[in-house]
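When reading the values below, keep in mind they use all heavy atoms of this one structure, side chains included, and skip hydrogens, waters and symmetry mates. Atoms within each ligand, like the ligands themselves, are counted from 1 in listed order.
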Amino acid sequence: MKKVIFTGGGSAGHVTPNLAIMQALDESWDIAYIGSHEGIEKELIEKNAVRYYGIASGKLRRYMDRKNFTDLFRVAKGFFQARKILKREKPHVVFSKGGFVTVPVVAAASSLGIPVHLHESDFTPGLANRLAKHFAKTFYTSFAETAAYFPESSTTVVGSPIRPDLFTGTRQQGLHLTHFSRERPTLLVMGGSLGASKINEAIREALDSLTQTYQVIHICGKGNVDPTLQGKRGYQQYEYVHEDLSHLLQMTDLVVTRGGSNAIFEFLALHIPMLIIPLPKSQSRGDQILNAQSFVKNGYASMLEEEYLTTDSLMKEIHSLYDNRQLFIETMNASGASDAVSRIVEDLQARVQT
Ligand SMILES: CC(=O)N[C@H]1[C@@H](OP(=O)(O)OP(=O)(O)OC[C@H]2O[C@@H](n3ccc(=O)[nH]c3=O)[C@H](O)[C@@H]2O)O[C@H](CO)[C@@H](O)[C@@H]1O
């Protein structure tokens with residue numbers, strides 16, 4: 001039997017592309033997963049009935065912190081745990097999606113001569129993938145420009161691996177779940193898989209004005225549901241949405257989102273006009289700003305930087321996006337998004353046959 005081990009975690013963006021590829025592999029494949037003990041990947045993968053191994057994982061930081069020392073030990077521990085799992089499982093190939101937990105896994109795979117395929121979702125590679133690339137043989141990117149960071153001869157621009165079931169929702173089911181009307185436009189707010197407190201605050205401050213025009217679905221992240229707003233007319237909150245997301249997307253007319261690569265490629269594939277409010281440089285390496293700028297340049301999105309986020313600017317941008325929605329939809333329609341999943345699956349098949 002052909003065997004592949006997937007790895008990736010820390011946030012859903014490092015897991016959902018793995019899920020997309022797993023769903024496309026036929027029954028001739030045996031699949032297992034290595035992630036951290038407590039990350040979101042554990043829940044998302046176990047829900048899909050895939051064999052899951054947790055290993056120790058440490059955060060890799062670019063700055064001085066006392067935890068760097070203890071985390072180095074955790075990474076080393078993770079390496080030996082991963083090696084033991086890989087020796088027992090003997091996969092033909094490891095597929096790595098990024099996130100800190102993947103570094104010891106790909107290092108262990110490389111030490112055992114197991115080929116590693118690696119996918120980078122963001123416009124510029126994160127620290128984990130910058131380290132992991134030294135242990136990988138084959139590279140994939142979502143953005144064309146990102147290929148420059150990897151060896152030319154073994155890198156392919158494939159786009160983002162999107163879960164096939166995200167395309168199978170129905171508007172009818174979405175309306176049923178939300179109890180919304182089919183007459184009014186629906187705005188979906190998605191602040192990244194872990195939520196975005198700044199976006200949550202801004203949306204709630206603008207809620208009375210927003211609900212005069214739109215019905216609002218707000219995915220606000222774990223622990224961020226506001227109980228005082230439960231039952232408010234035209235407003236539905238969710239911490240995180242699993243398989244029902246496809247239905248909510250089918251009834252969505254426009255979206256306000258963080259600049260996480262997977263989310264914005266999904267909206268592009270579904271032709272949903274988007275206003276991106278990227279995670280600012282003060283809280284990140286600025287990758288979401290680059291993701292967003294690339295989408296704005298291509299005419300797929302508009303962008304509002306967090307430092308300019310106020311109730312007024314938010315309302316103005318949302319109305320302008322809605323007024324110009326047809327233009328965005330036509331540009332996204334013409335973009336001809338590539339089929340990342342098929343390309344990666346073909347390569348995995350070929351790897352096992354060689
Ligand atoms: C804070 C942080 O470090 N964010 C990073 C993280 O974002 P994050 O984890 O938010 O990742 P993305 O926005 O790329 O992807 C989120 C994924 O979760 C799914 N989803 C989300 C909410 C929900 O309720 N249900 C659901 O299924 C989305 O459909 C998508 O597939 O990884 C991305 C991909 O490397 C990066 O671009 C982001 O900068």
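In this structure, the protein non-hydrogen atom closest to atom 4 (N) of ligand 1 is Q288 NE2, 3.6 Å. Here the protein heavy atom with the shortest distance to atom 17 (C) of ligand 1 is T16 OG1, 3.7 Å. For atom 18 (O) of ligand 1, the closest heavy atom belonging to the protein is A12 CB, 3.4 Å. Counting only heavy atoms of the protein, atom 3 (O) of ligand 1 lies nearest to L279 CD2, 4.9 Å. Here the heavy atom of the protein found nearest to atom 28 (C) of ligand 1 is E266 OE1, 3.4 Å. Regarding atom 27 (O) of ligand 1, its nearest protein heavy-atom neighbour is Y240 OH, 3.2 Å. Looking only at heavy atoms of the protein, atom 37 (O) of ligand 1 is closest to D122 OD1, 2.5 Å. Among all protein heavy atoms, the one lying closest to atom 8 (P) of ligand 1 is S193 OG, 3.5 Å.
In the hydrophobic clustering of this structure, I5 does not group with Y33; members are Ile, Leu, Val, Met, Phe, Trp, Tyr whose side-chain heavy atoms approach within less than 4.5 Å, directly or through other members.
The shortest N or O to N or O distance between H242 and ligand 1 is not below 3.5 Å.
Contacts of R258 with ligand 1, taken as heavy-atom pairs under 4.0 Å, are absent altogether. Under 4.0 Å from ligand 1, not a single heavy atom of L166 appears. Under 4.0 Å from ligand 1, not a single heavy atom of I264 appears.
The neighbour count for K2 NZ, taken as heavy atoms of other residues, nucleotides or ligands under 6.0 Å away, is above 12.
For the pair F79 and I55, the minimum side-chain heavy-atom distance is 4.5 Å or more. Using a 4.5 Å heavy-atom cutoff, the side chains of F139 and H119 are not in contact. Taking 4.5 Å as the limit, every side-chain heavy atom of Y235 sits out of range of all side-chain heavy atoms of F180. The closest side-chain heavy-atom distance from Q237 to R204 is below 4.5 Å. The shortest distance between side-chain heavy atoms of I21 and V345 falls below 4.5 Å.
A salt bridge links D122 with R285: the distance from a Lys NZ or Arg NE/NH1/NH2 to an Asp or Glu carboxylate oxygen falls below 4.0 Å.
The aromatic ring centres of F267 and Y300 sit 6.0 Å or more apart. Checked against the 6.0 Å centroid threshold, Y214 and H319 count as a close aromatic pair.
Heavy-atom contacts of R163 reach the following atoms of ligand 1: 19 (C), 27 (O), 28 (C), 29 (O), 31 (O) (cutoff under 4.0 Å). Applying the 4.0 Å criterion to heavy atoms of I219 picks out, from ligand 1, the atoms 24 (O). Against a heavy-atom cut-off of under 4.0 Å, V241 is close to the following atoms of ligand 1: 23 (C), 24 (O), 25 (N), 26 (C), 27 (O). Contact atoms of ligand 1 toward L245: 25 (N), 26 (C), 27 (O), 29 (O) (distance under 4.0 Å to a heavy atom of the residue).
Considering only non-hydrogen atoms, atom 34 (C) of ligand 1 lies nearest to N262 out of N262, N291, L188. Of all the listed residues (G260, A263, S11, P161), S11 holds the heavy atom that lies closest to atom 32 (O) of ligand 1.
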Result block: side-chain N/O donor-acceptor pairs under 3.5 angstrom for residues 163-171, not counting sequence neighbours:
{"residue": "T168", "atom": "OG1", "partner": "D165", "partner atom": "O", "Å": "2.9"}
{"residue": "T170", "atom": "OG1", "partner": "Q173", "partner atom": "N", "Å": "3.1"}
{"residue": "R171", "atom": "NH2", "partner": "R182", "partner atom": "O", "Å": "3.3"}

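A cation-pi contact, defined as under 6.0 Å to the ring centre and within 45° of the axis, is absent between R325 and F328.
Under a 4.0 Å heavy-atom criterion, S261 is in contact with ligand 1. Not a single heavy atom of Q283 sits closer than 4.0 Å to an atom of ligand 1.
Remark: atom 11 (O) of ligand 1 lies closer than 4.0 Å to at least one protein heavy atom.
Exactly one residue among N129, V106, V94 makes a side-chain contact (heavy atoms from CB on, under 4.5 Å) with L118. That residue is N129.
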